[in-house]
Amino acid sequence: MYWNKEAETIDAASLRELQTERLRKTVESLYENVPFYRKKLDSTGVKPSDIKSTADIRRLPFTTREDLRENFPDGLLAVKKEQVVRLHTSSGTTGKPKAIFFSQHDIDTASELVARCLYMTGLRKGDIFQNMMTYGLFTGALMLHYGAEKLGCLVIPAGPGNTARQISLMQDFGTTAIHITPSYALYLASVLQKQGIDPKKDLKVRKAYVGAEPYTEETRKKIETLLGLDAYNCYGLSEMNGPGVAFECEYKNGLHIWEDNFIIEILDPVTGEPVPDGSNGELVLTTLNREAMPILRYRTKDLTRVLTEQCPCGRTHRRIHSILGRADDMFIIKGVNIYPQEIERVLMSIKGVAENYQIHLESLDSITIKVEIDSNMFDGRIEHLVSLRNEITEKLKHEILVKPNVELLEPGTLPISEGKAVRVIDTRTM
Ligand code: DLL
């Protein structure tokens, strides 16, 4: 049931002790080797020997995306360059990318954590794992690749896109599990449907690891129904190894974060103060077991909450709710704060809505939702279209408190992205 029982079911006292020891070592390494952190620590008056418990994390400085960019390319490296065996980058929408370095120890640890993740969903030696994430500087594909190989799975490094080839690979090699973004999973389902392939009867794929972008429970259900499989949420970010930081177990009731490798804090995104247990806030992560590039209190901007009840799977590592959105994803229309996920939740729960949509922000008081709908809705009966458009408009208005313009489109009209989907098109001029 467990890949590493001792680590996964560690008791609370031993976990705190391990975290404290690893946090102290992390701060020691940063203080000695990274001038940026030494300066920050000196300015707050904290010395590595001051770390006596995990509560001392509150005395440590934050690290932001801007800090990573300002220290580009290797200003945050805590080891000699010769000890580095891998570089990944995360490209932002603006400015320089963030460079993340890994030592062999870091790669081994990341693979071990991913192996734990995949094992807890029931993936085993003998499974055939088709990896449809982008290989390259993006961490998405490689980290799951290594974890699946560690379990002894046959890994097919398919990469994203070329859907016809993806389907042939599944058919020819009997793929049992896939790793995919939510937007591509929905697209894949629509192509299978068009080709008359029933995934439940004609394919062997029974598990999907779905992540790299936020998605709602409604989207998960749609993916599961259309592809006839169990979809497990997989969360991570390049700055913290990539995918596999938090993952759902067989109960699919929140994502376990490996607390022997990360300290989790949930903070108010504006004040930076902790929110009460179980309340929503920004996830802030500290690495505890990284050699090349440890990071203290990284402001992920991802919004979530800690789920406090014990998980029936017996793992003691706490769970977070699936990501509710990003602190910087929010937009304001007519003075109302809106997150794209609220729109997605509504769209994906309406019968007749297909897989692809876009949110267009044109001015401070107008929002247009372009949404593809099932091809059978274009049956020449205009009243069907009118009634669907009214239903979407009313349900969205109820959820986001602003009446949107809704445009219904035929399937295949909106662009498909091979990587992360671009859902919000903001053409407002401020
Ligand atoms: O997206 C790592 C990853 C690859 C995770 C494959 C899962 C699967 P970055 O490109 O650095 O790394 O983007 C990280 O993507 O801060 C979140 O905002 C978002 N994100 C990643 N996974 C999820 C998820 C990878 N499961 C950023 N749910 C993060 C919601 C996610 N958002």
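Counting starts at 1 for both ligands and their atoms, following the listed order. Numbering starts at 1 and runs along the sequence shown. For clarity, every value in this text was computed on a predicted model and none was experimentally measured. Note that these values count all heavy atoms, side chains included, but never hydrogens, waters or copies made by symmetry.
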Go through ligand 1 atom by atom and flag the ones less than 4.0 Å from a non-hydrogen atom of [X].
X	value
C234	7 (C), 8 (C), 22 (N), 24 (C), 26 (N)
G140	4 (C), 6 (C)
P214	28 (N), 30 (C), 32 (N)
S90	11 (O)
S238	9 (P), 10 (O), 11 (O), 12 (O)
Y235	22 (N), 23 (C), 24 (C), 26 (N), 31 (C)
G211	7 (C), 8 (C), 26 (N)

*Under 3.5 Å between some N or O of ligand 1 and some N or O of I323?*
no
*Is T300 close to ligand 1, meaning an N/O of one under 3.5 Å from an N/O of the other?*
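T300 vs ligand 1: no N/O contact under 3.5 Å.
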*For R290 against M293, the heavy-atom pair lying closest together*: NH2-O, 2.8 Å
*Closest heavy-atom contact between G136 and L142?*
O-CD1, 3.9 Å
Does ligand 1 have a heavy atom under 4.0 Å from the side chain of [X], from its backbone, from both, or from neither?
X	result
R326	side chain
H179	side chain
N233	side chain
F138	side chain

*Are any side-chain N or O atoms of Q130 and backbone N or O atoms of Q166, one a donor and one an acceptor, separated by less than 3.5 Å?*
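Such a contact is found between Q130 side chain and Q166 backbone.
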*Identify whether the distance between the nearest side-chain nitrogen and carboxylate oxygen of E259 and R319 falls below 4.0 Å.*
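Answer for the salt bridge query: no.
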Identity and separation of the nearest protein heavy atom to [atom]:
atom	answer
atom 2 (C) of ligand 1	G236 O, 3.5 Å
atom 27 (C) of ligand 1	K420 NZ, 4.0 Å
atom 28 (N) of ligand 1	E213 O, 3.4 Å
atom 22 (N) of ligand 1	A212 N, 3.1 Å
atom 18 (O) of ligand 1	D302 OD1, 2.7 Å

More than 12 heavy atoms of other residues, nucleotides or ligands under 6.0 Å from [atom1] of [X]: is that the case?
X	atom1	result
F173	CZ	no
Y146	OH	no
K150	NZ	yes
Q193	CD	no
K252	NZ	yes

*Begin with the C-alpha distance, continue with both residues' side-chain angles, and end with the deciding distance and a verdict on salt bridge (charged side-chain N to carboxylate O under 4.0 Å, His left out) for R326 and D328.*
CA-CA 5 Å; R326 287 182 57 83; D328 48 7; 3.2 Å; yes
*Atom NZ of K370 and atom CG of N356: how far apart are they, to the nearest 0.5 Å?*
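Output value for this atom pair is 12.0 Å.
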